[in-house]
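Reckoned from all heavy atoms, side chains included, excluding hydrogens, waters and symmetry mates. Letters A, B, ... mirror the listed sequences (proteins, then strands); counts begin at 1.
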Number of protein chains: 2
Amino acid sequence: MSARPTVAHAPLELEHFLPYRLSILSNTVSQAIAADYQQRYELSMTEWRVMAVLGRFEGLSAREVAERTAMDKVAVSRALARLVDAGRVDRATHDGDKRRSVLQLSAAGWAIHDEVAPLAREHERELLEKLNDEEKAWLARILDKLMAP
Amino acid sequence: MSARPTVAHAPLELEHFLPYRLSILSNTVSQAIAADYQQRYELSMTEWRVMAVLGRFEGLSAREVAERTAMDKVAVSRALARLVDAGRVDRATHDGDKRRSVLQLSAAGWAIHDEVAPLAREHERELLEKLNDEEKAWLARILDKLMAP
DNA sequence: AACTTATAGTTTCAGTTGAAACCATTTGCA
DNA sequence: TGCAAATGGTTTCAACTGAAACTATAAGTT
């Protein structure tokens, strides 16, 4: 009889476990970017994400922002409250539906957007620099497939 | 004169922005797995991560667990408190260094581990099912490069 | 040995989070 | 029309989070 357990456990090898690796990579990258604007602009990651979609699509409602950012509506509601309060986002009410808001970046919001966006792009560039063209192409294709419904 | 702004903004196209896509994918996957054990075993994601590394490496200290999980030491300390309290992890004190703990899964901890691990693996399998062998190989290689120091 | 510095781990505090409850408005339908 | 169900958005509450302060032990220095 051995002192080791009779039952063979099969522990996860986290270093090869895809969900785990994705999580580490994603957190590392997101936090590196966030660290760059967090204090500089007094801007949280959720706020920046909201600003980014509003930079791309004007006049969205809060729910649409939530959809596009894949954040939950409470988080969006709070981020918007802070952004509107800080004068970075203008909020109006939808003409035909008084429940819906109509959102867009203010001039101040655009100013910040136009500083943070290149900064984010630069981080992406640095990350992709580690790959050659062939790898970049595969990555894009693979992510498409993994994220497909 | 046009009604559109004179300044050309360059909004991020989030749907093609790598850090954003990674974040969405990672959250989707992690939450799908977590949803599977969260209520069933009264186990948070941080607790499961701690259990997973202890399943793989017996006798680690709390700090070593933090290193391996890429979680911060406060989170690990709290997860361990709950796990020890629930009788899922046994905590002893290191022989030569009374500051360090020596951690391992208890029998009850192993029992849970051995149910959750296959479940996590199954999720990974479902995810990878979307890729063919060539794509899987590229993905592994690409992640290695992206995560290299 | 006495003293400073470093390390392991926990606690505190203030801020953030998500689920559920909530309010207001709109839509569907008898 | 009137009423139930659905929808957009906010608030509440309890849990969770990380930074900084803290305790205890160990290691290095004189």
Side-chain angles (χ1 to χ4, degrees), chain A residues 23-24 26-28 30-32 34-35 37-39 42-50 53-54 57 59-86 89-104, chain B residues 23-24 26-28 30-35 37-39 41-50 53-54 57 59-86 89-104:
Chain A
S23 162
I24 300 284
S26 167
N27 288 344
T28 307
S30 288
Q31 295 202 334
Y37 56 71
Q38 208 103 66
Q39 332 80 321
E42 191 87 30
L43 191 65
S44 76
M45 201 165 84
T46 59
E47 286 167 278
W48 165 244
R49 288 206 175 159
V50 169
V53 300
L54 289 180
F57 305 99
L60 294 184
S61 68
R63 192 189 57 74
E64 289 167 325
V65 170
E67 259 174 28
R68 297 234 171 232
T69 51
M71 291 162 46
D72 82 74
K73 65 177 184 168
V74 179
V76 170
S77 169
R78 283 194 269 240
L80 279 170
R82 282 190 297 264
L83 289 169
V84 170
D85 203 55
V89 167
D90 292 331
R91 171 157 51 187
T93 299
H94 187 91
D95 273 353
D97 185 343
K98 286 176 198 157
R99 294 170 307 178
R100 303 182 55 178
S101 49
V102 177
L103 303 160
Q104 58 179 55
Chain B
S23 162
I24 300 286
S26 167
N27 288 344
T28 307
S30 289
Q31 295 203 335
I33 302 181
Y37 57 71
Q38 209 104 67
Q39 332 80 321
Y41 301 97
E42 191 87 29
L43 192 66
S44 76
M45 201 165 84
T46 59
E47 286 167 278
W48 165 245
R49 288 207 174 158
V50 169
V53 301
L54 289 181
F57 305 99
L60 294 184
S61 69
R63 191 188 56 74
E64 289 167 324
V65 170
E67 261 174 26
R68 297 233 171 233
T69 52
M71 291 161 46
D72 83 75
K73 65 176 185 168
V74 178
V76 170
S77 169
R78 283 194 269 239
L80 279 170
R82 282 190 297 263
L83 289 169
V84 169
D85 204 53
V89 167
D90 293 330
R91 170 157 52 186
T93 299
H94 186 92
D95 273 355
D97 185 343
K98 287 176 197 157
R99 293 169 307 176
R100 303 181 54 176
S101 49
V102 177
L103 302 161
Q104 58 179 57

Worksheet, complete the sentence: Whichever of B:R82 and A:R91 has the more 5' nearest nucleotide on DNA chain D, that residue is A:R91

Item to complete: Go through the structure and list residues passing side-chain contact (heavy atoms from CB on, under 4.5 Å) with A:E64, not counting sequence neighbours.
Response: A:L60, A:S61, A:R100

Practice prompt. Output all residues satisfying salt bridge (Lys or Arg N to Asp or Glu O under 4.0 Å) with B:R63, sequence neighbours left out; order by chain, then residue number.
Written response: B:E67

Worksheet item: Considering only heavy atoms, which members of residues 65-75 of chain B lie under 4.0 Å from some atom of DNA chain D?
Response: B:D72, B:V74

Worksheet, complete the sentence: B:N27 meets the side-chain contact (heavy atoms from CB on, under 4.5 Å) criterion, sequence neighbours left out, with B:S23

Worksheet item: Contact class for B:S44 (heavy atom, under 4.0 Å): base, sugar-phosphate, or nothing?
Response: nothing

Worksheet item: Taking atom OG1 of B:T93 and atom NZ of B:K98, what is their separation to the nearest 0.5 Å?
Response: 9.5 Å

Discussion item. Tell me every residue that passes salt bridge (Lys or Arg N to Asp or Glu O under 4.0 Å) with A:R91, counting only those two or more places apart in sequence or in another chain.
Written reply: none

Practice prompt. Not counting sequence neighbours, which residues clear side-chain hydrogen bond (donor to acceptor under 3.5 Å, both in side chains) with B:Y41? List them please.
Written response: B:E115

Fill in: side-chain contact (heavy atoms from CB on, under 4.5 Å) against A:Q31, all qualifying residues, sequence neighbours excluded
none

Discussion item. Checking A:R99 now: which residues fulfil side-chain contact (heavy atoms from CB on, under 4.5 Å) with it, not counting sequence neighbours?
Written reply: A:D97

Discussion item. Among residues at least two apart in sequence or on other chains, which ones pass side-chain hydrogen bond (donor to acceptor under 3.5 Å, both in side chains) with A:T46?
Written reply: A:S44

Discussion item. Rounded to whole Å, how long is the line connecting atom CG of B:L83 with atom P of C:dT10?
Written reply: 12 Å

Item to complete: Name every residue in residues 97-104 of chain B that has at least one heavy atom under 4.0 Å from any atom of DNA chain C, in order of residue number, or write none if there are no such residues.
Response: B:R99, B:R100, B:S101

Worksheet item: Checking only heavy atoms, does the side chain of A:R78 share a donor-acceptor pair with the base of C:dG18 at less than 3.5 Å?
Response: yes

Below 3.5 Å, can you tabulate the donor-acceptor pairs from side chains in residues 72-79 of chain B to any protein atom, sequence neighbours excluded?
unit_1: B:D72; atom_1: OD1; unit_2: B:V74; atom_2: N; d: 2.7
unit_1: B:D72; atom_1: OD1; unit_2: B:A75; atom_2: N; d: 3.4

Fill in: Between CD on residue A:E47 and CZ on residue A:R82, distance to nearest 0.5 Å
4.5 Å

Practice prompt. Go through DNA chain D in 5' to 3' direction and return only the first and the last nucleotide with some atom under 4.0 Å of chain B's heavy atoms.
Written response: D:dT17 to D:dA26

Worksheet item: Starting at the 5' end of DNA chain C and moving along, which residue's nearest nucleotide shows up first, B:L80 or A:D95?
Response: B:L80

